[in-house]
Amino acid sequence: MGKRHHKYDYFSAFEDLSELAVDEADLLIKAIEEFTTADALKETMEKAHAIEHKGDDINHDIFRNVATDFITPIDREDIIEMCQALDDIVDDIEDVMLRFYMYDIHFMHDQAIEFAKLIQGSCEALDKAMCDFRNFKKSKKFKSLIIEVNTYEEEADQLLMHVIRDLHTTD
(Lines give C-alpha, C1' and ligand atoms only; values in the text may rest on other atoms or scores of the structure.)
Protein backbone atom coordinates (compact mmCIF):
# COMPACT_ATOMS: atom_id res chain seq x y z
CA MET A 1 0.00 0.00 0.00
CA GLY A 2 1.36 3.42 -1.02
CA LYS A 3 2.10 6.22 1.42
CA ARG A 4 -0.97 8.42 2.07
CA HIS A 5 -0.31 12.10 1.57
CA HIS A 6 -1.83 14.45 4.13
CA LYS A 7 -3.24 17.45 2.29
CA TYR A 8 -2.08 20.73 3.86
CA ASP A 9 -4.87 23.26 4.46
CA TYR A 10 -3.48 26.59 3.21
CA PHE A 11 -6.74 28.40 3.84
CA SER A 12 -6.71 27.42 7.53
CA ALA A 13 -3.12 28.63 7.73
CA PHE A 14 -4.17 32.01 6.25
CA GLU A 15 -7.00 32.16 8.82
CA ASP A 16 -4.51 31.41 11.61
CA LEU A 17 -2.22 34.20 10.38
CA SER A 18 -5.03 36.76 10.13
CA GLU A 19 -6.20 35.76 13.62
CA LEU A 20 -2.70 36.48 14.91
CA ALA A 21 -2.90 39.92 13.26
CA VAL A 22 -6.12 40.57 15.24
CA ASP A 23 -4.39 39.40 18.45
CA GLU A 24 -1.43 41.70 17.76
CA ALA A 25 -3.77 44.65 17.00
CA ASP A 26 -5.65 43.99 20.27
CA LEU A 27 -2.32 44.04 22.10
CA LEU A 28 -1.44 47.38 20.45
CA ILE A 29 -4.74 48.86 21.74
CA LYS A 30 -3.92 47.57 25.23
CA ALA A 31 -0.36 48.97 25.05
CA ILE A 32 -1.70 52.42 24.13
CA GLU A 33 -4.65 52.47 26.53
CA GLU A 34 -2.61 51.24 29.50
CA PHE A 35 0.57 53.19 28.68
CA THR A 36 2.51 54.55 31.63
CA THR A 37 6.20 54.45 30.67
CA ALA A 38 8.26 52.91 27.89
CA ASP A 39 10.00 50.65 30.44
CA ALA A 40 6.62 49.26 31.53
CA LEU A 41 6.08 47.92 27.98
CA LYS A 42 8.52 45.00 28.37
CA GLU A 43 5.80 42.44 29.20
CA THR A 44 3.63 43.67 26.30
CA MET A 45 6.62 43.44 23.94
CA GLU A 46 7.23 39.83 25.05
CA LYS A 47 3.58 38.98 24.30
CA ALA A 48 3.85 40.75 20.92
CA HIS A 49 6.99 38.79 20.09
CA ALA A 50 5.32 35.50 21.08
CA ILE A 51 2.46 36.25 18.66
CA GLU A 52 4.95 37.17 15.93
CA HIS A 53 6.86 33.92 16.60
CA LYS A 54 3.64 31.86 16.17
CA GLY A 55 3.22 33.58 12.78
CA ASP A 56 6.76 32.61 11.79
CA ASP A 57 6.01 28.97 12.68
CA ILE A 58 2.88 29.00 10.50
CA ASN A 59 4.84 30.58 7.64
CA HIS A 60 7.53 27.89 7.91
CA ASP A 61 4.79 25.24 7.64
CA ILE A 62 3.35 26.98 4.58
CA PHE A 63 6.78 27.25 2.89
CA ARG A 64 7.60 23.61 3.67
CA ASN A 65 4.31 22.40 2.17
CA VAL A 66 4.19 24.72 -0.84
CA ALA A 67 7.67 23.45 -1.80
CA THR A 68 6.61 19.79 -1.79
CA ASP A 69 2.89 19.69 -2.61
CA PHE A 70 2.18 18.45 -6.10
CA ILE A 71 -1.03 20.47 -6.37
CA THR A 72 -1.89 23.65 -4.45
CA PRO A 73 -5.35 25.28 -4.24
CA ILE A 74 -4.05 28.56 -5.69
CA ASP A 75 -0.77 29.45 -7.43
CA ARG A 76 2.37 28.82 -5.36
CA GLU A 77 3.52 32.42 -5.91
CA ASP A 78 0.17 33.70 -4.60
CA ILE A 79 0.39 31.47 -1.53
CA ILE A 80 3.89 32.74 -0.76
CA GLU A 81 2.89 36.37 -1.37
CA MET A 82 -0.23 35.97 0.79
CA CYS A 83 1.59 34.48 3.76
CA GLN A 84 4.36 37.10 3.52
CA ALA A 85 1.77 39.91 3.42
CA LEU A 86 -0.07 38.46 6.45
CA ASP A 87 3.25 38.04 8.27
CA ASP A 88 4.20 41.66 7.47
CA ILE A 89 1.04 42.89 9.24
CA VAL A 90 1.96 41.10 12.46
CA ASP A 91 5.61 42.24 12.17
CA ASP A 92 4.64 45.86 11.52
CA ILE A 93 2.26 46.02 14.49
CA GLU A 94 4.97 44.52 16.71
CA ASP A 95 7.40 47.13 15.35
CA VAL A 96 5.08 49.93 16.53
CA MET A 97 5.24 48.62 20.10
CA LEU A 98 9.02 48.17 19.86
CA ARG A 99 9.34 51.79 18.73
CA PHE A 100 7.42 53.02 21.80
CA TYR A 101 10.17 51.34 23.83
CA MET A 102 13.19 52.15 21.62
CA TYR A 103 12.32 55.84 21.35
CA ASP A 104 11.66 55.92 25.13
CA ILE A 105 8.41 57.79 24.69
CA HIS A 106 7.08 59.58 27.78
CA PHE A 107 3.46 60.10 26.76
CA MET A 108 1.03 58.64 24.27
CA HIS A 109 -0.21 61.01 21.56
CA ASP A 110 -3.99 61.54 21.85
CA GLN A 111 -4.61 60.21 18.35
CA ALA A 112 -2.47 57.08 18.71
CA ILE A 113 -5.57 55.18 19.88
CA GLU A 114 -7.46 56.31 16.76
CA PHE A 115 -4.74 54.79 14.57
CA ALA A 116 -4.71 51.62 16.67
CA LYS A 117 -8.50 51.24 16.35
CA LEU A 118 -8.26 51.62 12.56
CA ILE A 119 -5.52 48.96 12.54
CA GLN A 120 -7.68 46.72 14.73
CA GLY A 121 -10.74 47.23 12.50
CA SER A 122 -8.81 46.44 9.35
CA CYS A 123 -7.28 43.33 10.93
CA GLU A 124 -10.74 42.15 12.00
CA ALA A 125 -12.12 42.75 8.48
CA LEU A 126 -9.12 40.93 6.99
CA ASP A 127 -9.65 38.04 9.40
CA LYS A 128 -13.31 37.76 8.31
CA ALA A 129 -12.16 37.85 4.68
CA MET A 130 -9.60 35.09 5.31
CA CYS A 131 -12.32 32.96 6.94
CA ASP A 132 -14.29 33.33 3.69
CA PHE A 133 -11.28 33.07 1.34
CA ARG A 134 -11.58 29.34 0.67
CA ASN A 135 -14.98 30.10 -0.96
CA PHE A 136 -13.85 33.27 -2.76
CA LYS A 137 -15.26 32.15 -6.12
CA LYS A 138 -18.78 31.63 -4.71
CA SER A 139 -18.66 34.06 -1.79
CA LYS A 140 -21.10 36.95 -1.57
CA LYS A 141 -19.13 38.61 1.26
CA PHE A 142 -15.47 38.28 0.23
CA LYS A 143 -15.29 41.33 -2.07
CA SER A 144 -17.12 43.59 0.42
CA LEU A 145 -14.74 42.49 3.20
CA ILE A 146 -11.72 43.38 1.05
CA ILE A 147 -13.34 46.76 0.32
CA GLU A 148 -13.80 47.20 4.09
CA VAL A 149 -10.06 46.62 4.64
CA ASN A 150 -9.31 49.25 1.98
CA THR A 151 -11.74 51.69 3.62
CA TYR A 152 -9.84 51.38 6.92
CA GLU A 153 -6.60 52.05 5.04
CA GLU A 154 -8.06 55.20 3.45
CA GLU A 155 -9.31 56.42 6.85
CA ALA A 156 -5.85 55.84 8.34
CA ASP A 157 -4.22 57.76 5.44
CA GLN A 158 -6.57 60.71 6.10
CA LEU A 159 -5.88 60.59 9.83
CA LEU A 160 -2.12 60.51 9.20
CA MET A 161 -2.34 63.55 6.92
CA HIS A 162 -4.28 65.53 9.56
CA VAL A 163 -2.05 64.45 12.47
CA ILE A 164 1.14 65.36 10.58
CA ARG A 165 -0.37 68.72 9.60
CA ASP A 166 -1.37 69.38 13.23
CA LEU A 167 2.18 68.59 14.36
CA HIS A 168 3.46 71.34 12.08
CA THR A 169 0.69 73.93 12.55
CA THR A 170 -0.18 73.76 16.28
CA ASP A 171 1.86 73.60 19.47
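Values below: every heavy atom of this structure, side chains too, minus hydrogens, waters and symmetry copies. In this chain, numbering begins with 1 at the start of the sequence shown.
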How long is the straight-line distance from [atom2] of [Y] back to [atom1] of [X], given to the nearest 0.5 Å?
X	Y	atom1	atom2	answer
E24	I89	CD	CD1	11.0 Å
K141	F136	NZ	CZ	15.5 Å
D132	K138	CG	NZ	10.5 Å
I74	I79	CD1	CD1	5.0 Å
E124	S18	CD	OG	11.0 Å

Any salt bridge linking [X] with [Y]? Criterion: basic side-chain nitrogen under 4.0 Å from a carboxylate oxygen.
X	Y	value
K54	D57	no
E43	K47	yes
D9	R134	yes

What closest approach, in Å, do [X] and [Y] show between heavy atoms, and which atom pair accounts for it?
X	Y	value
A48	M97	CB-CE, 3.8 Å
C123	V22	O-CG2, 3.4 Å
I93	A21	CD1-O, 4.0 Å
N59	C83	OD1-CB, 3.0 Å
E19	D127	N-OD1, 3.4 Å
A112	I32	O-CD1, 3.7 Å

Would you say that [X] contacts [Y] through its side chain, given a criterion of any heavy-atom pair below 4.5 Å between the two side chains?
X	Y	result
I58	F14	no
I51	E94	no
I105	M108	yes
L98	M45	yes
I113	E33	yes
L86	M130	yes
L126	Y152	no
Y10	V66	yes

Report the C-alpha separation of E52 and D91 in whole Å, then their side-chain angles, then the decisive distance to 0.1 Å, and conclude whether the side chain to side chain contact (heavy atoms under 4.5 Å, CB included) test is met. CA-CA 6 Å; E52 187 270 334; D91 289 349; 3.0 Å; yes
When you look at Y8 and I62, which way does the side chain to side chain contact (heavy atoms under 4.5 Å, CB included) test go after all the steps? CA-CA 8 Å; Y8 186 75; I62 292 171; 3.5 Å; yes
[Y] reachable from [X] in the ILVMFWY side-chain graph, under 4.5 Å edges:
X	Y	result
L159	V96	no
I119	V149	yes
F107	V163	no
M161	L167	no
L27	F100	yes

For H53 and H49, take the angle between the two ring planes, folded into 0 to 90°, and tell me which bin it lands in: parallel under 30, tilted 30 to 60, perpendicular over 60. tilted
Is a donor on one side and an acceptor on the other found under 3.5 Å between the side chain of [X] and the backbone of [Y]?
X	Y	result
T72	D75	no
N65	D61	yes
R76	D69	yes
S144	K140	no
S139	N135	no

Test side chain to side chain contact (heavy atoms under 4.5 Å, CB included) on L41 and F35; report intermediate values, then the result. CA-CA 8 Å; L41 284 170; F35 181 79; 4.0 Å; yes
Count the heavy atoms of every other residue, nucleotide or ligand shown that sit under 6.0 Å from CD of E81, and state whether that count exceeds 12.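 No, because the 6.0 Å sphere around CD of E81 holds 12 heavy atoms or fewer from other groups.
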Begin from the C-alpha positions of F115 and L160 and carry the test side chain to side chain contact (heavy atoms under 4.5 Å, CB included) through to its verdict. CA-CA 8 Å; F115 279 110; L160 180 64; 4.0 Å; yes
Please list, chain by chain and in numerical order, all residues satisfying ring-ring contact (aromatic ring centres under 6.0 Å, His included) with F142, sequence neighbours excluded.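 For F142 the ring-ring contact (aromatic ring centres under 6.0 Å, His included) partners, ignoring immediate neighbours, are F133.
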Taking side-chain contact (heavy atoms from CB on, under 4.5 Å) as the test, write out the residues that go with A156, two or more places apart. L118
